[in-house]
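So you know, we letter chains A, B, ... as the sequences are listed, proteins then strands, and number each from 1.
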Number of protein chains: 2
Amino acid sequence: MTVTIRDVARAAGVSITTVSRALNGGDDVGEETRQRVLEVAKKLNYRPSHVARSLVLQKSRNIGLLVSDFNRGGHHFMYDVLVGVHDKLAEYGYDVTLVSTNTARQQLISYVDFCRERSLEGVVVMGIRLDDPYVEEVVESTLPSVVIDLPLLSRHCGYVMTDNVNGVRYAIRHLVNTGRQHIGFINGYSHAAVSIERLRGFEAAMRAYGMAYSRDSILHADFTIEGGAKALADLLSRHPETDAVFFASDLMAIGGIQHCKACGIRIPDDLAIIGFDNIELGRFVTPSLTTVAQPRYEMGSDAAEMLVRMLQEDEQPSGTLLPPELIVRESA
Amino acid sequence: MTVTIRDVARAAGVSITTVSRALNGGDDVGEETRQRVLEVAKKLNYRPSHVARSLVLQKSRNIGLLVSDFNRGGHHFMYDVLVGVHDKLAEYGYDVTLVSTNTARQQLISYVDFCRERSLEGVVVMGIRLDDPYVEEVVESTLPSVVIDLPLLSRHCGYVMTDNVNGVRYAIRHLVNTGRQHIGFINGYSHAAVSIERLRGFEAAMRAYGMAYSRDSILHADFTIEGGAKALADLLSRHPETDAVFFASDLMAIGGIQHCKACGIRIPDDLAIIGFDNIELGRFVTPSLTTVAQPRYEMGSDAAEMLVRMLQEDEQPSGTLLPPELIVRESA
DNA sequence: ATCGTAACCGAAAACGTTTCGGATCGCAAG
DNA sequence: CTTGCGATCCGAAACGTTTTCGGTTACGAT
């Protein structure tokens with residue numbers, strides 16, 4: 001049925017050793033026999049079996065893309081990253097296998113074992129949370145990995161994330177430059193790594209620009225629209241003087257916009273709103289959302305690039321910060 | 001380094017044959033030795049090598065997810081489908097490898113060969129267009145496949161798609177029921193399979209509800225926002241009496257809304273607008289978008305389900321139509 | 001004629017499994 | 001005492017590659 005290297009060898013009148021060498025560019029084969037082998041291989045439409053090759057080489061050229069929680073509306077962020085990872089890996093000739101943690105086997109089998117079974121050479125991890133039980137395993141395991149949006153660094157684990165601190169700074173700077181006086185901050189939940197970074201950024205920026213702020217004008221919400229709306233209501237009741245709010249995600253910011261609409265608060269006149277993420281939605285809400293953009297595709301492809309360098313050149317993993325960009329639209 | 005079946009055999013004092021049988025539930029092994037083997041395997045943390053197993057069994061338990069054009073903003077549709085496919089396949093113990101057609105090797109290697117190299121047992125295809133060179137290969141190849149959103153049926157190729165005809169009918173019915181008299185239709189480009197179906201649905205529905213319509217109140221656009229806006233401008237200049245437009249995609253419908261805003265056309269008073277897809281965006285534009293929803297996750301999981309049945313029970317592929325749902329919001 | 005040396009090629013081991021066809025043993029049936 | 005048989009177990013082949021090591025030429029130099 002399927003044509004193997006043995007068939008090619010027979011048809012070309014040489015040994016399978018020679019066929020292998022001819023196809024893989026070995027130098028130990030005469031030019032005219034090489035041509036003959038290539039011809040025959042093409043005629044028979046021979047395709048070397050990746051699994052046989054993997055077995056003998058002990059390398060699968062296959063890397064895993066671990067997504068912690070697939071279905072939680074990761075659309076906005078995950079898809080672009082995923083495409084970036086895939087494109088770059090394909091470029092280097094690696095295959096990518098999808099792995100999600102919330103399968104039934106999540107508890108049954110450890111992360112590393114899962115990868116070992118499949119001979120995955122490395123993993124890029126995305127959408128994982130600080131409190132995920134896999135985190136420890138990822139960072140301690142000897143399996144090369146690159147994590148997205150989580151600053152984990154070890155001998156075999158690097159990361160790439162957006163420069164959240166500077167992203168937040170751009171946002172605050174814009175608010176300050178446009179004359180805002182009382183800036184609030186609605187953050188995501190605290191066990192998200194990005195929340196920590198963004199809080200750090202907020203505090204640093206406020207200090208840097210000489211803005212006073214009270215501890216309780218920093219709230220936590222859950223990255224959802226509803227959560228953002230409720231948090232803004234909270235904030236405004238506590239601090240009616242607030243004239244600008246920075247949200248740690250676009251989704252929450254959109255919730256904020258909805259709340260303002262419901263209460264007759266004018267944006268940006270009464271209240272300036274800035275989000276984070278630059279999801280497509282932001283362009284279409286009214287008023288359109290000013291936000292901090294992350295280079296999602298690049299995050300994916302950079303993570304992939306770093307992983308293959310770890311694999312092929314045995315490079316040390318590192319932490320990469322990608323530059324964010326402030327996108328000014330109507331809301332601030 | 002890695003512990004193999006041979007190590008387990010040695011440690012348990014049995015042959016590798018017995019270990020294999022003990023672990024795989026063969027009946028040719030005594031109960032007490034089986035227990036011993038299981039113990040030893042657990043103690044050594046033995047994981048059977050999928051690639052070795054694949055080689056000998058000639059089955060990889062690996063299926064491909066072919067995405068024709070990754071980066072073309074497939075977010076809205078593709079991501080949910082992808083998750084559906086993955087979840088269902090994981091449930092059945094299959095791995096899924098991402099495959100996209102626009103890699104560099106697109107031309108160099110045929111679709112089937114690509115899968116053969118990797119020993120993929122089957123493929124689910126999504127986002128492919130009628131004029132894609134792979135289409136023919138997909139339907140003719142003996143490799144089991146299920147296509148999403150393209151009615152391809154053959155001995156080894158099934159499909160699942162939304163019942164576009166009825167979806168459109170629901171939309172038209174709603175327009176008719178709310179008293180609209182002159183309904184236009186802005187379709188996607190004609191080499192998309194769904195466009196054909198939706199056109200069929202439109203004509204059938206208009207006839208069914210006794211609505212007259214002229215041939216040139218049916219336009220083609222390119223599924224983008226800008227395209228939708230331009231097409232609507234076209235349509236309205238040709239047929240100023242139009243009081244309702246059905247768009248073959250939400251993105252185009254949103255373009256229509258933007259055009260109306262720019263021209264002072266009131267929605268839905270002057271013009272009713274209905275889209276297709278139920279992308280998240282639709283909830284947030286103003287006015288919010290009435291649309292026809294597709295069960296995206298189910299499309300993915302149903303496709304996967306059908307594929308494993310073809311693989312495991314040797315079932316014939318079939319064509320599945322999933323029920324759409326009209327979601328009434330403000331725009332119509 | 002002998003030797004050394006390239007240049008070319010092949011046999012066989014290895015990778016980690018599954019499985020087919022025995023082999024061994026104990027014991028009941030003849 | 002043989003025979004047969006069920007219950008357990010094992011050796012070895014097979015899956016499709018890559019690669020090490022060695023063998024066979026041919027040929028120019030000694």
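Under the salt bridge (Lys or Arg N to Asp or Glu O under 4.0 Å) criterion, the residue pairs touching residues 35-64 of chain B are A:D113-B:R47, with sequence neighbours excluded. Each salt bridge (Lys or Arg N to Asp or Glu O under 4.0 Å) pair with one or both residues in residues 20-30 of chain B, not counting sequence neighbours, would appear here, but there are none.
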Validation: residues 141-148 of chain B side-chain donor-acceptor distances under 3.5 Å, sequence neighbours left out:
residue: B:S141; atom: OG; partner: B:L143; partner atom: N; Å: 2.7

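First and last contacting nucleotides of DNA chain D toward chain A (any atom under 4.0 angstrom from a heavy atom, 5' to 3' order): D:dG16 to D:dT20.
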All N/O contacts under 3.5 Å from nucleotides 19-27 of chain C to the protein, with atom names and distances to one decimal?
residue: C:dT19; atom: O4; partner: B:T17; partner atom: OG1; Å: 3.1

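Residue-level contact check: A:V29 touches the backbone only, with heavy atoms under 4.0 Å from sugar-phosphate atoms and none from bases. Residue contacts for B:R47: at a heavy-atom cut-off of 4.0 Å it reaches the sugar-phosphate backbone alone, with no base atom in range. The residue B:S54 sits apart from the nucleic acid: no heavy atom pair falls under 4.0 Å. Backbone-only engagement by B:V14 is indicated by non-hydrogen atom pairs under 4.0 Å involving sugar-phosphate atoms exclusively.
Put simply, CZ on A:R6 is 13 Å from P on C:dA12, counting in whole angstrom units. Between A:R34 atom CZ and C:dA7 atom P the separation is 14 Å, expressed in whole Å.
A donor-acceptor pair is defined here as one N or O able to donate and one able to accept, closer than 3.5 Å; no such pair exists between the side chain of B:S20 and the backbone of B:I16.
Judged as a ring-ring contact (aromatic ring centres under 6.0 Å, His included), and not counting sequence neighbours, the contacts of B:Y111 are B:Y134.
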